[in-house]
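Since the structure comes first, as structure tokens, the remarks are kept for the end.
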Amino acid sequence: MQKLFNQSLLLIFLIFNISYAQESSGSLEGKILDRETNPIINANIILSSNSLQGTRGTSTNALGYFCVYKIPPGNYTVKITYVGKQTLI
């Protein structure tokens, strides 16, 4: 009985590892600066792609940094907007 239990645990562990290994995602991170290298605070970063089936976005922090987590592999359009500035695509 103990041997069967150990084999069952091994099988569950292997299935978990295989399904976990197939999960792939990435992140997009960066820093938005103006021409004088000052951080742009609260700039909006919007990702769009067929992989996302829509959009995902974030905004920059007080240092101009941003990060969008858990994005699937694929090609993306990145749109950066900020009130009073030209939109970049």
Side-chain angles (χ1 to χ4, degrees):
M1 184 69 170
Q2 182 67 29
K3 185 176 180 182
L4 179 61
F5 179 74
N6 289 339
Q7 288 173 343
S8 298
L9 283 180
L10 178 61
L11 180 61
I12 291 169
F13 178 73
L14 290 174
I15 291 171
F16 174 75
N17 280 339
I18 290 168
S19 65
Y20 183 75
Q22 291 175 351
E23 195 175 311
S24 64
S25 64
S27 62
L28 176 67
E29 50 189 339
K31 187 174 184 178
I32 309 295
L33 305 171
D34 64 13
R35 291 184 185 182
E36 289 80 36
T37 68
N38 298 312
I40 303 289
I41 302 167
N42 293 325
N44 296 306
I45 295 84
I46 302 166
L47 302 178
S48 60
S49 168
N50 290 337
S51 301
L52 284 176
Q53 300 176 347
T55 62
R56 187 161 321 152
T58 190
S59 59
T60 57
N61 65 13
L63 299 174
Y65 287 104
F66 70 91
C67 189
V68 182
Y69 297 103
K70 296 184 179 179
I71 54 176
N75 296 318
Y76 291 88
T77 300
V78 180
K79 183 177 179 181
I80 302 170
T81 62
Y82 184 72
V83 176
K85 300 287 183 181
Q86 178 182 357
T87 298
L88 299 175
I89 298 179

Subject >> From OG (Ser25) to CD1 (Ile71), nearest 0.5 Å >> reply: 8.5 Å

Original post:
Which ILVMFWY residues can you reach from Leu33 by hopping between side chains whose heavy atoms are under 4.5 Å apart?
Top reply: none

Original post:
So, for Asn44 and Ser59, which heavy atoms are closest and what is the spacing to 0.1 Å?
Top reply: OD1-CB, 3.9 Å

Subject >> Common cluster, Val68/Tyr65, ILVMFWY with side-chain heavy-atom separation under 4.5 Å >> reply: no

Subject >> Minimum-distance pair of heavy atoms, taken over all atoms of Ala62 and Pro39 >> reply: O-CG, 3.9 Å

Original post:
Any idea which heavy atoms bring Pro72 and Leu52 closest together, and the distance?
Top reply: CD-CD2, 3.7 Å

**OP:** Indicate, with yes or no, if Ile41 and Ile80 share a hydrophobic cluster defined by side-chain heavy-atom contacts under 4.5 Å among Ile, Leu, Val, Met, Phe, Trp and Tyr.
**Re:** no

Original post:
Do Leu47 and Tyr69 belong to the same hydrophobic cluster, where Ile, Leu, Val, Met, Phe, Trp and Tyr are linked whenever their side-chain heavy atoms lie under 4.5 Å apart, directly or via other members?
Top reply: no

Original post:
When you measure from the side chain of Thr55 to the backbone N and O of Ile46, does any donor-acceptor pair fall under 3.5 Å?
Top reply: no

Original post:
Hey, is CG on Asn75 packed in by over 12 heavy atoms from elsewhere, all under 6.0 Å?
Top reply: no

Original post:
Say you draw a straight line from OH of Tyr82 to CD1 of Ile32; how long is it, rounded to the nearest 0.5 Å?
Top reply: 12.0 Å

**OP:** Considering non-hydrogen atoms only, spot the tightest contact between Lys70 and Arg56 and give its length.
**Re:** O-NH1, 2.6 Å

Original post:
Between Ile40, Asn61, Ile45, which is the residue that forms a side-chain contact (heavy atoms from CB on, under 4.5 Å) with Phe66?
Top reply: Ile45

